[in-house]
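Beneath this line is the structure, given in structure tokens, with notes to follow.
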Amino acid sequence: MVATTRPTAAEAFVRVPLAQRSYVSRALAAGATGLMIPMVESAESASEIVGWAKYPPVGVRGAAFGVGHDDYATGGAVDYMRDFNADIVLMPQIETVAGLDAVDEIAAVDGVDVLWVGHSDLTNSMGIPGQFDHPDYLGALDKVVGAAKRNGKAAGFLAGSTQEATMLLDRGCRIIAYGGDLWIYREALRNGLAETRASLHG
């Protein structure tokens, strides 16, 4: 899937399954230009992730060039490492109470670009599963957005509706993903079948 972005202007962002170096390295070796990392709960964890994802002298990513992740380009390894370190987007997910408590410290880590709210897991961790209109949850959103703003970062969210996207933008989120391919397809199929059945009955 990462390879399909190569002929386009799209960036290849990958959500790794765990905050482990092997997963980070594997996604980067495939050519990812951005990473989303789940369940980040401390500045120490965020700093470790930045180190895994970036080349020396900033981080400890292994150096291999002229292969798939850099489109088999030759020469200019030092320039490539510098440019990659500047351009990669790192998005720790804030989706637990522990992560929420440490959100300012996570946001302050150099190399963190986006604080991404994992809303379902966050409400589960807060003891209010699925209650996305709960005042405590809305307060948590504001806390994440505030931490992002104070540290010159962006807050991100996966919106499930245009109404939710508007609410999030109004609250200060600056990176919005909309829906998911399966959900969008399912909704389109549901609506199409309903309209077809209505026309038959009509």
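Side chains included, hydrogens not; waters and symmetry mates left out as well; all remaining heavy atoms used.
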* Main-chain N/O of M1 paired to T4 side chain as donor or acceptor, under 3.5 Å -> yes
* Structure fact -> In terms of heavy-atom contacts, V97 and L122 come closest through N-CD1, 4.4 Å
* Indicate the atoms forming the closest heavy-atom contact of P92 with I106, along with that distance. => CG-CG2, 4.0 Å
* At what distance, to the nearest 0.5 angstrom, does CG of D101 lie from OG1 of T96? -> 8.0 Å
* Report yes if some heavy atom in the side chain of Q93 is under 4.5 Å from a heavy atom in the side chain of R15; otherwise report no. => yes
* Output yes when a side-chain donor or acceptor of T123 lies under 3.5 Å from a complementary backbone atom of G130, and no otherwise. => yes
* Taking C-beta and beyond as the side chain, do L158 and W116 meet within less than 4.5 Å on heavy atoms? -> yes
* With sequence neighbours left out, write down each residue that passes side-chain hydrogen bond (donor to acceptor under 3.5 Å, both in side chains) with D79, or none if nothing qualifies. => R82
* Would the number of heavy atoms belonging to other residues, nucleotides or ligands and lying under 6.0 Å from CG of D170 be above 12? -> yes
* N/O donor-acceptor pair under 3.5 Å between R61 side chain and P56 backbone -> no
* To do: Flag the pair F157 / L141 as yes when at least one side-chain heavy-atom distance between them is below 4.5 Å, and no otherwise.
  => yes
* Asked: For the residue pair A147 and A107, what are the closest heavy atoms and their distance?
  -> O-CB, 3.7 Å
* **ILVMFWY network linking I176 to W183, side-chain heavy atoms under 4.5 angstrom** => no
* Just grab all the salt bridge (charged side-chain N to carboxylate O under 4.0 Å, His left out) pairs involving residues 144-153, residues at least two apart or on different chains. => D104-R150
* **Distance, nearest 0.5 Å, that separates OH of Y80 from CG of D87** => 9.5 Å
* Asked: Looking only at heavy atoms, which two atoms of L35 and A53 are closest? And how far apart?
  -> CD1-CB, 4.4 Å
* **Single-linkage hydrophobic cluster M91~I175, side-chain heavy atoms < 4.5 angstrom** => yes
* Asked: Heavy-atom count around N191 CG within 6.0 Å, excluding the residue itself: above 12?
  -> yes
* **Heavy-atom check, side chain of T166 versus side chain of S161, under 4.5 Å** => no
* **Rounded distance [0.5 Å steps], CD1 in I37 versus OH in Y23** => 14.0 Å
* Are L18 and V24 in one and the same hydrophobic cluster, where Ile, Leu, Val, Met, Phe, Trp and Tyr link if side-chain heavy atoms are under 4.5 Å apart? -> yes
* To do: Would you indicate whether the side-chain heavy atoms of L90 and V112 approach each other to under 4.5 Å?
  => no
* Structure fact -> In this structure, CE of M167 is separated from CG of D133 (nearest 0.5 Å) by 9.5 Å
* To do: Give a yes or no on whether the backbone of D121 and the side-chain of S125 come within a donor-acceptor separation of less than 3.5 Å.
  => no
* To do: Please examine the side chains of K143 and V103, heavy atoms only from C-beta on, and report whether any two atoms are closer than 4.5 Å.
  => yes
* Cluster overlap M126 with I94, hydrophobic side-chain contacts below 4.5 Å -> yes
* Supply the atom-to-atom distance M81 CE to D83 CG, rounded to the nearest 0.5 angstrom. => 10.5 Å
* **Close side-chain approach of E95 and M39, heavy atoms under 4.5 Å** => yes
* Taking a hydrophobic cluster as the set of Ile, Leu, Val, Met, Phe, Trp and Tyr residues connected by side-chain heavy atoms closer than 4.5 Å, whether directly or through intermediates, do M36 and W52 fall within one such cluster? -> no
* For N85 and K54, indicate whether the former's side chain and the latter's backbone hold a donor-acceptor pair under 3.5 Å. => no
* Structure fact -> Looking only at heavy atoms, the pair that brings V145 and A155 closest together is CG2-CB, 3.9 Å
* Asked: T33 side chain to A12 main-chain N or O, any donor-acceptor pair under 3.5 Å?
  -> yes
* To do: Looking only at non-hydrogen atoms, find the nearest pair between A102 and S42 and report the distance.
  => CB-CA, 4.3 Å
* **Interatomic distance, Q20 atom CD to I49 atom CD1 [nearest 0.5 angstrom]** => 10.5 Å
* To do: Using a 4.5 Å cut-off on heavy atoms from C-beta on, say whether the side chain of R174 contacts that of L169.
  => yes
